[in-house]
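For the numbers below, each heavy atom of this structure counts, side chains included, while hydrogens, waters and symmetry mates do not. The sequence lines fix the lettering, A, B, ..., with proteins before strands; numbering per chain opens at 1. Computed from a predicted structure; not experimentally measured.
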Number of protein chains: 2
Amino acid sequence: MPDNKLNSDTRERILDVAERQFMAHGYDATSMRMITGAAGVNLAAVNYHFGAKEELLREVFRRRLAWLNKERLIVLDALEQQASGEPLKPSQVLEAFFGTLLHIGEDEALGGMTFLRLLGRTLTDPSAFISAFFASEYAEVIERYKQALIRSLPDVPRAEIVWRLHFMLGAMSYAIAGTDILHVITGVEMSDYAGQEPGGKSEAMKLSQRLMPFLLGGLRAPLPNFSASSAQNGLLPAGAKREGEEVKKQ
Amino acid sequence: MPDNKLNSDTRERILDVAERQFMAHGYDATSMRMITGAAGVNLAAVNYHFGAKEELLREVFRRRLAWLNKERLIVLDALEQQASGEPLKPSQVLEAFFGTLLHIGEDEALGGMTFLRLLGRTLTDPSAFISAFFASEYAEVIERYKQALIRSLPDVPRAEIVWRLHFMLGAMSYAIAGTDILHVITGVEMSDYAGQEPGGKSEAMKLSQRLMPFLLGGLRAPLPNFSASSAQNGLLPAGAKREGEEVKKQ
DNA sequence: TCAAGGTTCAAACGTTCGTTTAATTTTATG
DNA sequence: CATAAAATTAAACGAACGTTTGAACCTTGA
């Protein structure tokens with residue numbers, strides 16, 4: 001009756017099932033009875049092992065993000081040591097940040113595409129305790145990578161870099177969430193949602209190879225020109241406007 | 001006791017309040033009693049006017065998306081007629097699609113930043129009835145703009161264009177959702193969340209001027225090179241890999 | 001072997017949820 | 001003004017929610 005591929009340990013089994021259910025239905029729409037039922041454990045097991053539902057969600061993320069953000073710091077440290085004081089290339093910074101993330105999608109032991117989708121969908125959740133948790137969990141990594149990006153693009157204003165880091169996180173988040181208006185409409189393959197078969201590997205790799213050039217192109221795009229005319233109609237030709245200073249570097 | 005700036009008509013007042021509450025707390029975490037209480041109407045009013053909670057959410061989106069997607073088709077029609085058979089420039093297509101959207105953020109009568117944030121946050125909601133609704137509501141517009149993009153980039157494979165359209169939707173969605181890990185950590189100004197003061201105008205404009213160059217840069221980035229070595233360690237230098245063919249055009 | 005601590009269990013807790021009902025008030029129409 | 005339709009109201013519905021309880025069960029070490 002319980003889900004397949006379940007861990008023998010009750011605690012881990014709850015985490016595995018909760019991860020999948022939160023991904024498929026969202027936090028609020030996933031009840032304790034759905035989780036414990038699918039995990040084949042007693043209803044009270046969640047409260048016994050984790051205290052409350054909120055703490056269960058935090059633990060679902062904690063066990064994955066702990067590895068991810070530690071790995072991100074290790075990779076960045078290695079890159080910076082290897083560069084011996086010189087600024088990194090933007091492509092190196094992006095590869096380190098997003099490459100480590102997308103690596104999770106290729107490794108079921110790290111959460112696989114299930115966790116990636118959960119992460120992408122939860123990053124935009126307005127719930128107070130969720131955003132507070134992410135803020136504290138991501139603080140150090142974001143700060144380190146922000147500084148690395150600022151050093152790698154000395155001619156781009158700091159505020160602009162923060163904006164583009166924001167855009168990049170969004171493109172990545174939405175891409176791995178896989179909730180596609182596009183997928184339903186277009187006949188293109190894209191993701192296949194399942195994630196348990198070995199095909200998950202190539203899926204995450206394809207995503208990585210598609211996403212990285214896009215992010216680099218966006219990061220290195222010309223800066224906006226704020227001196228140009230303010231609003232615009234939307235009915236006008238609209239082309240060839242707001243060109244700006246070019247960003248150099250690789 | 002009820003919210004300020006409320007419409008005199010009960011039906012519209014419910015829609016206004018629901019829009020704000022769904023944005024602030026999400027669909028599941030917003031109860032009928034929260035909505036009717038803040039709107040100063042009877043609990044049964046929602047069921048009387050809309051039938052059910054799901055239908056209320058659909059109507060909240062419908063009254064805004066009706067204008068948006070109609071406007072998008074009008075603008076695209078005008079551009080294509082003006083081009084008289086020639087393919088549009090990618091920048092024109094993006095300006096038409098995302099410019100009309102971000103215009104909503106500048107006009108409180110169209111929903112303002114409140115609706116933009118709600119839209120951004122709901123686009124990644126896994127709930128079945130929500131994604132089904134968006135799929136049908138967006139079908140025509142997405143198909144038309146996809147075709148326009150394909151025509152504007154004849155040397156880029158269709159699948160690649162769909163991927164990048166996906167990435168662009170993500171960057172936009174996340175940016176307007178404004179649930180920022182970054183905002184909490186960095187001291188940069190960015191959005192100011194409130195949305196009722198006239199400052200909302202410049203906020204949406206700034207966002208538009210920052211987002212558009214990023215999207216164009218990502219769309220026109222070099223194509224990924226699939227013949228290169230497959231996975232990669234994550235601990236290696238990681239730089240200067242996977243460069244590829246350049247995409248031309250403006 | 002037996003006490004102790006960790007774990008699982010069925011059952012119930014009080015609360016909140018979305019929805020429905022039936023009576024009442026308001027509005028519009030002849 | 002009378003009457004039908006539309007709208008609003010207070011109250012209650014059953015269902016589902018997260019959590020708690022206290023007894024039963026299993027494991028472990030002296």
(request) Go through DNA chain D in 5' to 3' direction and return only the first and the last nucleotide with some atom under 4.0 Å of chain B's heavy atoms. (result)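 Going 5' to 3' along DNA chain D, contacts run D:dA6 to D:dA12.
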
(request) For B:N47, enumerate each residue passing the side chain to side chain contact (heavy atoms under 4.5 Å, CB included) test, keeping only those at least two apart in sequence or located in another chain. (result)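 With sequence neighbours excluded, B:N47 shows a side chain to side chain contact (heavy atoms under 4.5 Å, CB included) to B:M32, given in chain and number order.
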
(message) Can you list everything that forms a side chain to side chain contact (heavy atoms under 4.5 Å, CB included) with B:S136? Sequence neighbours excluded, please.
(response)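 B:S136: no side chain to side chain contact (heavy atoms under 4.5 Å, CB included) contacts found.
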
Calculate the interatomic distance between [X] atom [atom1] and [N] atom [atom2]; express it in whole Å.
X     : N      : atom1 : atom2 : result
A:N42 : C:dC9  : CG    : P     : 5 Å
B:D9  : C:dT26 : CG    : P     : 17 Å
A:R11 : C:dT8  : CZ    : C1'   : 16 Å

(message) Roughly what angle, to 10°, lies between the helix axis at the start of the helix from C:dG6-D:dC25 to C:dG30-D:dC1 and the one at its end, five pairs per end?
(response)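 Here the helix ends are tilted 20° relative to one another.
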
(request) Could you run through nucleotides 14-19 of chain C and give me one letter per nucleotide, 5' to 3': B if any protein heavy atom sits under 4.0 Å from the base, S if only the sugar-phosphate is that close, - if neither? (result) ---BBB

Contacts of type side-chain hydrogen bond (donor to acceptor under 3.5 Å, both in side chains), residue [X], not counting sequence neighbours:
X      : value
B:R144 : B:D77, B:E80
B:R63  : B:E12, B:D16
A:N42  : none
A:N69  : A:R72

(message) Quick test of your reading: applying ring-ring contact (aromatic ring centres under 6.0 Å, His included), list the pairs with at least one residue in residues 42-65 of chain A, sequence neighbours left out, ordered by first then second residue.
(response)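 Every ring-ring contact (aromatic ring centres under 6.0 Å, His included) pair that includes a residue of residues 42-65 of chain A, provided the two are not neighbours, is A:F61-A:F115, A:F61-A:F134.
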
(request) Could you grab the distance from atom CG of B:D107 to atom CD1 of B:I104, nearest 0.5 Å is fine? (result)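 Interatomic distance, B:D107 CG to B:I104 CD1, rounded to 0.5 Å: 9.0 Å.
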
(message) Does anything in residues 43-60 of chain A form a salt bridge (Lys or Arg N to Asp or Glu O under 4.0 Å)? List the pairs, not counting sequence neighbours.
(response)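 Residue pairs passing salt bridge (Lys or Arg N to Asp or Glu O under 4.0 Å), neighbours aside: A:R11-A:E59, A:E54-A:R58, A:E55-A:R58, A:E55-A:R62, A:E59-A:R62.
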
(request) Taking ring pair (Phe, Tyr, Trp, His ring centres under 6.0 Å) as the test, write out the residues that go with A:Y27, two or more places apart. (result)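 Result, ring pair (Phe, Tyr, Trp, His ring centres under 6.0 Å) vs A:Y27: A:F22, A:F129.
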
